Asker: 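First, the structure itself, so that you have it in front of you.
Quantities reported herein were computed from a predicted structural model and do not represent experimental measurements.
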Amino acid sequence: MEIVLSWIQSLSTLSPFSVFADICNVLAMGIVFKQDLQLFDGISERKAITTEGIISQGLVFSCGIAVFCFEGFGMTLALESSMKDKKKFKWVLGYAFLGITFVYICFGLFGYLAYGDATLDIVTLNLLNDWSSTAVKIGLCLGLAFTFPIMVHPIHQIVEGKLKESMWFQKLCYSDKEEVFEKREKYGLYLCRASQVIGQALIALCVPGFGVFVSLVGSTVCALLAFVLPSTFHLIFVGSSLALWQRALDIIILFCGFCFAVYGTYNAIVGGSS
């Protein structure tokens with residue numbers, strides 16, 4: 001199914017799947033919130049909430065996971081280009097980030113308040129084996145399945161753009177007839193998308209620990225994409241026209257992002273190996 005959905009080349013066509021995925025996620029999280037609140041019995045035994053616990057029990061690890069949770073920022077340019085009124089994009093993006101941040105904080109906090117240090121990497125594993133837990137797992141799986149094609153859409157576009165520019169791909173698809181050439185190119189791109197989905201599935205199967213892997217990716221790739229590279233490019237392309245405080249802000253973001261990436265990667269590797 002993921003391979004078939006990856007062949008859809010328009011974000012507008014994928015939007016109904018995104019809406020369905022959001023509905024599944026909201027319903028599933030609602031059930032999790034309900035069970036978390038029923039199990040909540042105070043914060044006296046929740047050591048990680050104390051100042052000492054925050055420092056010693058994985059602040060950087062948690063930050064890596066938090067950065068990973070916003071891996072969707074790779075969709076920013078694609079979403080902006082697909083909007084009818086691009087002037088409203090900044091407001092839509094801002095409200096979306098605020099809402100998603102609030103949901104993420106509540107989801108993580110309520111889960112820890114309910115299960116404490118026994119909270120697993122995937123909180124659904126803490127749920128009881130009843131119909132509501134099964135509904136949550138099905139809903140989250142459906143949400144992930146229908147969100148995945150949208151998240152990898154920019155990757156497909158970048159890879160296909162490089163393929164179309166490459167000489168070997170053009171020679172592979174070459175034909176005297178234009179219709180035959182277009183058909184070969186089309187099937188070649190379909191095969192490329194399918195291979196990417198299969199490769200990503202194999203990588204997911206090889207992940208030993210979900211939480212450690214998420215923190216590692218958040219501290220490396222996502223931190224570079226979110227903090228280091230944007231500030232670097234901003235300084236390179238428009239740095240000469242920026243005010244002093246703007247350049248200073250870019251440098252601070254660059255420095256903090258780089259330090260976080262280095263230490264977060266080290267922390268995730270050491271924590272995963274231990």
Asker: Which value, rounded to the nearest 0.5 Å, describes the distance between K186 atom NZ and C173 atom SG?
Answerer: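 Result: 13.5 Å between the selected atoms.
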Asker: To the nearest 0.5 Å, how far apart are OG1 in T147 and CZ in F20?
Answerer: 10.5 Å
Asker: R184 vs L172, test: side chain to side chain contact (heavy atoms under 4.5 Å, CB included). Steps then yes/no.
Answerer: CA-CA 8 Å; R184 290 178 178 176; L172 186 65; over 6 Å; no
Asker: Nearest 0.5 Å, what's the CG-CD1 distance between L27 and I138?
Answerer: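 Reported value, rounded in 0.5 Å steps: 12.5 Å.
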Asker: Which heavy-atom pair separates E2 from F148 by the least distance, and what is that distance?
Answerer: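 Looking at all heavy atoms of both residues, the shortest contact is OE1-CD2, 3.2 Å.
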Asker: In terms of hydrophobic clustering (I, L, V, M, F, W, Y; side-chain heavy atoms under 4.5 Å; direct or indirect links), are F107 and I31 co-clustered?
Answerer: yes
Asker: Provide the closest heavy-atom pair for G143 versus C24 in the form atom of the first, atom of the second, distance.
Answerer: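 The answer is N-CB, 4.1 Å.
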Asker: Given side chain to side chain contact (heavy atoms under 4.5 Å, CB included), test V136 with Q35 step by step and report yes or no.
Answerer: CA-CA 11 Å; V136 168; Q35 294 197 11; 5.7 Å; no
Asker: Find out if a path of hydrophobic residues (ILVMFWY) with successive side-chain heavy-atom gaps under 4.5 Å connects I150 to I158.
Answerer: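 No, separate clusters.
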Asker: Would you compute the distance between atom OH of Y95 and atom CG of L98 and round it to the nearest 0.5 angstrom?
Answerer: 8.5 Å
Asker: Side-chain contact, heavy-atom cut-off 4.5 Å: H234 with L242?
Answerer: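 Result yes, sub-4.5 Å side-chain heavy-atom pair found.
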Asker: If you take all heavy atoms of S231 and D250, which pair is closest and at what distance?
Answerer: CB-O, 3.5 Å
Asker: Do F110 and V103 belong to the same hydrophobic cluster, where Ile, Leu, Val, Met, Phe, Trp and Tyr are linked whenever their side-chain heavy atoms lie under 4.5 Å apart, directly or via other members?
Answerer: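 Looking at the clustering, V103 is in the same group as F110.
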Asker: Can you find a pair of side-chain heavy atoms, one from W168 and one from L163, that are under 4.5 Å apart?
Answerer: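 They are in contact (side-chain heavy atoms under 4.5 Å apart), so the answer is yes.
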Asker: Roughly how far, to the nearest 0.5 Å, is the CZ atom of F227 from the CZ atom of F258?
Answerer: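 Reported to 0.5 Å precision, the distance equals 14.5 Å.
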Asker: Would you tabulate the side-chain donor-acceptor contacts of residues 189-205 under 3.5 Å, counting partners in other chains and residues two or more places apart, or write 'none'?
Answerer:
unit_1 : atom_1 : unit_2 : atom_2 : d
R193   : NE     : E160   : OE2    : 2.3
R193   : NH1    : S6     : O      : 2.5
R193   : NH1    : I8     : O      : 3.2
R193   : NH2    : E160   : OE1    : 3.4
R193   : NH2    : E160   : OE2    : 3.2
S195   : OG     : L191   : O      : 3.3
S195   : OG     : C192   : O      : 2.6
Q196   : OE1    : H156   : ND1    : 3.4
Q196   : NE2    : H156   : ND1    : 3.4

Asker: Grab the two heavy atoms, one from A261 and one from A223, that are nearest each other, plus how far apart they are.
Answerer: CB-CB, 4.1 Å
Asker: Partners of F255 by ring-ring contact (aromatic ring centres under 6.0 Å, His included), sequence neighbours excluded?
Answerer: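 F255 satisfies ring-ring contact (aromatic ring centres under 6.0 Å, His included) with no residue once adjacent residues are dropped.
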Asker: What are the two closest non-hydrogen atoms of A21 and F146, and how far apart are they?
Answerer: CB-CB, 3.9 Å
Asker: Just how far is it from atom CD1 of I236 to atom CG of L229, taken to the nearest 0.5 Å?
Answerer: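 The CD1 atom of I236 sits 9.5 Å away from the CG atom of L229.
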Asker: Are F97 and F89 connected in the hydrophobic side-chain network, where two residues link if heavy atoms are under 4.5 Å apart?
Answerer: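 F97 and F89: one cluster.
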Asker: For E185 and Q170, what are the C-alpha separation, side-chain angles and deciding distance, and is it a side chain to side chain contact (heavy atoms under 4.5 Å, CB included)?
Answerer: CA-CA 8 Å; E185 183 182 58; Q170 294 297 324; 4.1 Å; yes
Asker: Does V262 belong to the same Ile/Leu/Val/Met/Phe/Trp/Tyr cluster as L254, with side-chain heavy atoms less than 4.5 Å apart forming each link?
Answerer: yes
